[in-house]
Every structure is written in C-alpha cells, then in structure tokens.
Enquirer: 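Okay, handing you the structure first.
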Amino acid sequence: MRYDLVIFDNDGVLVDSEPISNRLLAAYLTELGYPTSYEDSIRDYMGSAMHRVHDLVQERTGERLPAEFDDVFHRRVFAAFERELEAVAGVVDVLEKLAADEVPYCVASSGSHERIRVGHRTTGLDRWFDEGRIFSSQDVGKGKPEPDLFLYAAERMGVAPGRCVVVEDSPLGVQAAVAAGMDVLGFTAMTPAAKLASATQLFSDMGDLTGLLA
C-alpha cells in the first residue's frame, strides 16, 4: 500500500447522490426566482459546501437566499435519499478490501454531518464508517476548495498530508486535495476528465480503485 490513509469524498464517490441533490437544488433555486439548470448546478455547486450557493447567488444577483433555504433544501434531499439513494457501484468492494488489509480510511465531505449520516444509513455504508472516520466542512468552517477539511481529517487520523491520498469527483475537491499537499485520484464517472486534470491520476470505474492504491 503506497499510502497511510485513504480519504474519500462522500457525494458521488461513496453515495450516488449528486444527480439527486443537483436536480433538487436547480429546481429549488429556479422556484425562488434564480433560474438554474441541472447542468448549471453541477458546474457551479458540485462538491461544495452550502455557503457557496448563498455566496454565488448574492454575488450574481445582489440578493440573499431565504433564511430557511438550507433547512428546506435538506428536507427535500433527505426525503429523496430515502426513496432513491444507492451506494456508488463497486465502492463496497473497495471498503471491504481496505478493511481486510487494515488500511486506514475516512470520509471528508463538504456536506453536513447529518447529510453524510443519512446517506450512509440509507445505503448501508454506515457499517463502514464509525464516528471517528467521518469529517465534514462543518468541523472546519471552510469547505472545498480550501484545503482545511482534508488537513483536519489527516490530523485527526494521525497521518501526515504527504502520506494521504484523496478520492474525489469534483474540481473543487481536487483543488482542495492538491492545496493540502495530497495525492488525489479523480473519479470521472460523472465529471468530464478535463475538469479533474490536476488530479494525480484519473479513473472512471470504482472497480479500478484498489489497483491504483496498491
């Protein structure tokens, strides 16, 4: 094993949530008078913390989103998760291999702790992630593309940044991992490879990940 810690992004890497959440985000912003397509949402918000949605809307329109925006959005997302969410194909095999080989791993997500836990509970991934393996941008105050979250996860797991590898599917996440001084494997199942070009290596099938980590 080339690394002492594998850090997974959550949305789009562990759970197949990006199509669900970006569809609902685009619809909600449009409903509020800020026309947004699914493609717009993927481009502007995929992999980011909620504060980026507020910041970009205010920057572009001069208006603030309603105070209840996050709560309403998360209720809609969690309800959809219960109906539709699945684990990313092949990721359970990866987790089983890491566990069998006693390779440390964790998740570091721009999403809230509640979002991470709802997604894991719904898909059965909660068996692989105890409290000590879950890190959220809520823990550091700054989401991706800032490196703070990945550096915090490495510190809490007791591993130097240079001995970590991050598995990411968003340009913001790849940017954050590079800024943290970590290798990053860019998952291109949903994201065009060109947008993850600064990753250490790219892959499109989760079944290939264990070979890249060896």
Enquirer: Counting only N and O atoms by type, is there a donor-acceptor contact under 3.5 Å from the side chain of Ser41 to the main-chain atoms of Tyr38?
Expert: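 No, the answer is negative, given that no donor and acceptor are paired below the 3.5 Å cut-off.
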Enquirer: So, Thr188 side chain and Ala193 main chain: donor-acceptor pair closer than 3.5 Å or not?
Expert: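 Not confirmed, Thr188 side chain does not pair with Ala193 backbone.
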Enquirer: Let me check something: do Ile134 and Val140 share a hydrophobic cluster, defined by ILVMFWY side-chain heavy atoms less than 4.5 Å apart, either directly or through other members?
Expert: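 Per the 4.5 Å side-chain linkage, Ile134 and Val140 are not co-clustered.
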Enquirer: Is any NZ, NE, NH1 or NH2 atom of the basic residue among Glu18 and Arg23 found under 4.0 Å from an Asp or Glu carboxylate oxygen of the other?
Expert: no
Enquirer: Give the minimum heavy-atom separation between Ile116 and Ser109, together with the two atoms involved.
Expert: CD1-CB, 3.7 Å
Enquirer: Kindly compute the distance separating CZ (Phe81) from CG (Leu24), expressed to the nearest 0.5 Å.
Expert: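 Reported to 0.5 Å precision, the distance equals 8.5 Å.
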Enquirer: Does the pair Phe135 and Cys106 meet the rule for a side-chain contact (heavy atoms from CB on, under 4.5 Å), with working shown?
Expert: CA-CA 8 Å; Phe135 305 102; Cys106 65; 3.8 Å; yes
Enquirer: Looking at every non-hydrogen atom in both residues, tell me the closest pair between Gly173 and Lys144 and how far apart they are.
Expert: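 Reported closest heavy-atom pair: CA-CD, 3.8 Å.
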Enquirer: Roughly how far, to the nearest 0.5 Å, is the CD atom of Gln58 from the NE2 atom of His51?
Expert: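 Going from the NE2 atom of His51 to the CD atom of Gln58 covers 13.5 Å.
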Enquirer: Return yes if some donor-acceptor pair links the side-chain N/O of Ser137 with the main-chain N/O of Ser110 below 3.5 Å, else return no.
Expert: yes
Enquirer: Do Leu213 and Val6 come close enough that some side-chain heavy atom pair is under 4.5 Å?
Expert: yes
Enquirer: Is it the case that the side chain of Arg163 and the backbone of Arg2 share a donor-acceptor pair, with hydrogens and angles ignored and the cut-off at 3.5 Å?
Expert: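 Between the backbone of Arg2 and the side chain of Arg163 there is a qualifying donor-acceptor contact (under 3.5 Å).
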Enquirer: Can you name the nearest heavy-atom pair linking Thr210 to Gly207, along with the distance?
Expert: OG1-O, 4.2 Å
Enquirer: If hydrophobic clusters are built by linking Ile, Leu, Val, Met, Phe, Trp and Tyr wherever their side-chain heavy atoms come under 4.5 Å apart, do Tyr3 and Val166 end up in the same one?
Expert: no
Enquirer: Could you tell me which non-hydrogen atom of Ala108 sits nearest to which non-hydrogen atom of Ile7, and how far apart they are?
Expert: CB-CG2, 3.6 Å
Enquirer: When you compare the side chain of Leu196 with that of Pro171, does any pair of heavy atoms fall below 4.5 Å?
Expert: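 Yes; the side chains approach each other to less than 4.5 Å.
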Enquirer: Can you find a pair of side-chain heavy atoms, one from Leu95 and one from Leu125, that are under 4.5 Å apart?
Expert: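 The answer is yes; the side chains approach within 4.5 Å.
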Enquirer: Run the numbers on Val15 and Glu86 for side-chain contact (heavy atoms from CB on, under 4.5 Å), then give the verdict.
Expert: CA-CA 6 Å; Val15 295; Glu86 297 180 351; over 6 Å; no
Enquirer: Which heavy atom in Met206 sits nearest to a heavy atom in Gly90, and how many Å separate them?
Expert: CG-C, 3.8 Å
Enquirer: Is His120 close to Val107 at the side-chain level, that is, under 4.5 Å between some pair of heavy atoms?
Expert: yes
Enquirer: Nearest 0.5 angstrom please: Glu146 CD to Ser48 OG, how far?
Expert: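 If we round to the nearest 0.5 Å, Glu146:CD and Ser48:OG are 12.5 Å apart.
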Enquirer: Give the intermediate values and the outcome of side-chain hydrogen bond (donor to acceptor under 3.5 Å, both in side chains) for residues Asn22 and Tyr45.
Expert: CA-CA 8 Å; Asn22 282 283; Tyr45 305 120; over 6 Å; no
Enquirer: Inspect the contact between Arg75 and Glu68 and indicate whether a charged nitrogen and a carboxylate oxygen are less than 4.0 angstrom apart.
Expert: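 No, Glu68 and Arg75 are not salt-bridged.
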Enquirer: Would you mind telling me which of Asp71, Val72, Leu32 makes a side chain to side chain contact (heavy atoms under 4.5 Å, CB included) with Pro66?
Expert: Leu32
Enquirer: How about CD on Glu63, more than 12 heavy atoms from neighbouring residues, nucleotides or ligands closer than 6.0 Å, or not?
Expert: yes
Enquirer: Under the criterion side-chain contact (heavy atoms from CB on, under 4.5 Å), I'd like the reasoning laid out for Leu85 against Val118: C-alpha separation, chi angles, the key distance, then a yes or no.
Expert: CA-CA 10 Å; Leu85 188 63; Val118 168; over 6 Å; no
Enquirer: Could you grab the distance from atom CD1 of Ile42 to atom OG1 of Thr191, nearest 0.5 Å is fine?
Expert: 7.5 Å
Enquirer: Apply salt bridge (Lys or Arg N to Asp or Glu O under 4.0 Å) to residues Asp101 and Lys97 and explain how you reach the verdict.
Expert: CA-CA 6 Å; Asp101 292 347; Lys97 176 65 172 170; 3.2 Å; yes
Enquirer: With a 4.5 Å cut-off on side-chain heavy atoms, are Asp169 and Asp9 touching?
Expert: yes
Enquirer: When rounded to the nearest 0.5 angstrom, what is the spacing between OG in Ser170 and CZ in Arg43?
Expert: 15.0 Å
Enquirer: Surrounding CZ of Arg64 (heavy atoms of other residues, nucleotides or ligands, distance under 6.0 Å), is the total greater than 12?
Expert: no
Enquirer: Can you name the residues that form a ring pair (Phe, Tyr, Trp, His ring centres under 6.0 Å) with Phe203, not counting sequence neighbours?
Expert: Phe187
Enquirer: Using every non-hydrogen atom in the two residues, find where Ile20 and Asp16 come nearest and quote the distance to one decimal.
Expert: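 Taking every non-hydrogen atom into account, CD1-O, 4.2 Å.
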Enquirer: List the steps, then state whether side-chain contact (heavy atoms from CB on, under 4.5 Å) holds for Val184 with Val178.
Expert: CA-CA 7 Å; Val184 54; Val178 171; 4.1 Å; yes
Enquirer: For Tyr105, which residues count as a ring pair (Phe, Tyr, Trp, His ring centres under 6.0 Å) partner, sequence neighbours excluded?
Expert: Phe129
Enquirer: Are Met190 and Val91 connected in a single hydrophobic cluster, I mean Ile/Leu/Val/Met/Phe/Trp/Tyr linked by side-chain heavy atoms less than 4.5 Å apart?
Expert: no
Enquirer: Salt bridge between Asp44 and Arg60, side-chain N to carboxylate O under 4.0 Å?
Expert: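 Looking at Asp44 and Arg60, the cut-off is met.
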Enquirer: Go through the steps for Asp139 and Ser136 under the test side-chain hydrogen bond (donor to acceptor under 3.5 Å, both in side chains), then give the verdict.
Expert: CA-CA 6 Å; Asp139 299 326; Ser136 162; 5.2 Å; no
Enquirer: Kindly list each side-chain donor-acceptor pair under 3.5 angstrom involving residues 149-158, sequence neighbours excluded, with atom names and distances?
Expert:
| from | atom 1 | to | atom 2 | distance (Å) |
| --- | --- | --- | --- | --- |
| Tyr152 | OH | Arg156 | NH1 | 2.5 |

Enquirer: List the steps, then state whether salt bridge (Lys or Arg N to Asp or Glu O under 4.0 Å) holds for Arg52 with Asp55.
Expert: CA-CA 5 Å; Arg52 179 176 171 86; Asp55 293 345; over 6 Å; no
Enquirer: Relative to each other, are the rings of Phe73 and Phe69 parallel, tilted or perpendicular (30° and 60° limits)?
Expert: parallel
Enquirer: Is Val103 linked to Val167 within one hydrophobic cluster, defined over Ile, Leu, Val, Met, Phe, Trp and Tyr using a side-chain heavy-atom separation of less than 4.5 Å?
Expert: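 Yes, one cluster joins them.
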Enquirer: With a 4.5 Å cut-off on side-chain heavy atoms, are Phe8 and Leu98 touching?
Expert: yes
Enquirer: One thing to verify: whether Arg115 and Asp11 come together as a salt bridge, which I'm taking to mean a side-chain N less than 4.0 angstrom from a carboxylate O.
Expert: yes
Enquirer: Kindly indicate whether the side chain of Glu168, heavy atoms from C-beta on, has any atom under 4.5 Å from the side chain of Met182.
Expert: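 No, too far: nothing below the 4.5 Å cut-off.
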Enquirer: State the CG-CG distance between Leu185 and Asp208, to the nearest 0.5 angstrom.
Expert: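 Rounded to the nearest 0.5 Å, the CG-CG separation comes out at 11.0 Å.
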Enquirer: Have a look at Arg76 and tell me which of Glu31, Glu84, Glu82 forms a salt bridge (charged side-chain N to carboxylate O under 4.0 Å, His left out) with it.
Expert: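 Filter result, single survivor: Glu31.
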Enquirer: Taking the side chain as every heavy atom from C-beta outward, state whether Ser112 and Met50 have any atom pair closer than 4.5 Å.
Expert: no
